[in-house]
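Have a look at this one.
Reminder, nothing fancy here: chain letters follow the sequence lines and each chain counts from 1.
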Number of protein chains: 2
Amino acid sequence: MTETSSYPTRGSAASGRIGIGLELDSTHFKILEVLRENGRISVSALAERVGISRANAYTRFEALRADGAIKGFTAEIDHVRAGLGITALIFVTVRQQMWRQFRAQLAQMPEVEYCAITTGQHDAMIQVRMADVAAVHSLVTERLASIPAVKATETVFILDEVIKRPYILPTDRRPAPRRPAPEASGDGVPLGKMRFEGVSESRAGLQRDKG
Amino acid sequence: MTETSSYPTRGSAASGRIGIGLELDSTHFKILEVLRENGRISVSALAERVGISRANAYTRFEALRADGAIKGFTAEIDHVRAGLGITALIFVTVRQQMWRQFRAQLAQMPEVEYCAITTGQHDAMIQVRMADVAAVHSLVTERLASIPAVKATETVFILDEVIKRPYILPTDRRPAPRRPAPEASGDGVPLGKMRFEGVSESRAGLQRDKG
DNA sequence: GTTGAAATTAGTACGAA
DNA sequence: TTCGTACTAATTTCAAC
């Protein structure tokens, strides 16, 4: 298992050229689309579906792997069938200057499927999968709460996973493009100018004044 | 691509027997562990790594697929390299009795990687990947806000993805089991008795009463 | 559930366009 | 770069144990 975890310093453009790596053309994206749906497809069949020669498919396949655009291949496992039927989100407030410890402790917790550092009210969001709600309770109160770096937590349960598309691509286009194109690619909008949070409680008329 | 998306009515036990499906033994879990790390491994190599015969590996492999424990195989794609370097979480408050519409509209949005219905303050959490923050802004204010089912939204950006383990298993055990075993498997704890929110702090008002 | 052999397919290495 | 072919190695399938 070779891990390519060093990202380029900058990633800017939205089409093709990303940082220092490979320049992805439409054929690369086609390959990614196929492999995303069927990660075990043979390169021969892949070549056929994409419409290129086998040799070319092998070359591009290797290039995508070497570049890191494809990080690996995995089986999609049904969590319920595997015995982990309960999913919860835990929003964590982390004590400043204890991030390293927080990360280290998290790494020790295999039931954590996902952890992201976020802006906003909390500092991190953790997603866990467990056998039952009691196990979640136990994890939060006994293991998470005992980490000094954890100042506070807030847990919610996931009742249903409506959409789960592990690896989306910029080439995914929506089924029914009713409007021509919103032309919303202004690229100089600073974060400070955005009014996302608190949009709900003030009902800032943002979502059209029907309140 | 055969899809087995009908779950059994009940999923109870934590080890082995899940609902009506296949009974998973330790060998099945070993297979899942290998395939999770290398989804393109040959069944022969899989058999070798698990320590069973080829024929047995083929049988179990097929059984896991047929049962739905393995839903499919996918390539792990680097979002940054693919041109979707910005990740955001959008917490949505949905108008009651408009869930169907909400789901239908979401299905039309390919940039949505994940959407879950949750308990707690909001009704749903959406994760999106986009090229830049402006695109997120545009999505939230123009497309999400225009859905009548959406009453309010709150957006946060993901600054770093600390952990990303797509498919965890109950057999994952933590690296260093310092303590003997917390013995935390009380199974009759009702949800009402759980005090998750603000659990770790006396001044837990931090995250709630800021309105 | 296991082993071994045949048939098929996958992966590699070339030269040519 | 990409394609097409030939060559080698591996995998899958199928048989008997």
Quiz item: Which residues pass the side chain to side chain contact (heavy atoms under 4.5 Å, CB included) test with B:A88, sequence neighbours left out?
Solution: B:V128, B:V136, B:T155, B:F157
If you restrict it to nitrogen or oxygen atoms, what contacts under 3.5 Å exist between nucleotides 9-11 of chain C and the protein, and what is each distance?
| from | atom 1 | to | atom 2 | distance (Å) |
| --- | --- | --- | --- | --- |
| C:dA10 | OP1 | A:S42 | OG | 2.9 |
| C:dG11 | OP2 | A:Y58 | OH | 2.6 |
| C:dG11 | O5' | A:Y58 | OH | 3.1 |
| C:dG11 | N7 | A:R54 | NH1 | 3.3 |
| C:dG11 | O6 | A:R54 | NH2 | 3.2 |

Give the table of side-chain donor-acceptor pairs shorter than 3.5 Å for residues 97-104 of chain A, with sequence neighbours excluded, one pair per line with atom names and distance.
| from | atom 1 | to | atom 2 | distance (Å) |
| --- | --- | --- | --- | --- |
| A:Q101 | OE1 | A:A149 | N | 3.0 |
| A:R103 | NH1 | B:D160 | OD2 | 3.3 |
| A:R103 | NH2 | B:D160 | OD2 | 2.8 |

Quiz item: For B:E161, which residues count as a side-chain hydrogen bond (donor to acceptor under 3.5 Å, both in side chains) partner, sequence neighbours excluded?
Solution: A:Y114, B:R129
Quiz item: For the residue pair A:F91 and B:F91, does the interplanar ring angle fall in the parallel (under 30°), tilted (30 to 60°) or perpendicular (over 60°) class?
Solution: perpendicular
Quiz item: Can you tell me if CD on B:E48 sees more than 12 non-hydrogen neighbours from other groups inside 6.0 Å?
Solution: no
Exercise. Walk along DNA chain D from 5' to 3' and tell me the first and last nucleotide with an atom closer than 4.0 Å to a non-hydrogen atom of chain B.
Key: D:dT11 to D:dT13
Practice problem: Would you please name every residue forming a side chain to side chain contact (heavy atoms under 4.5 Å, CB included) with A:A45, sequence neighbours left out? | Solution: A:I41, A:S42
Quiz item: Does A:V94 reach the side chain of A:V150, with side-chain heavy atoms less than 4.5 Å apart?
Solution: no
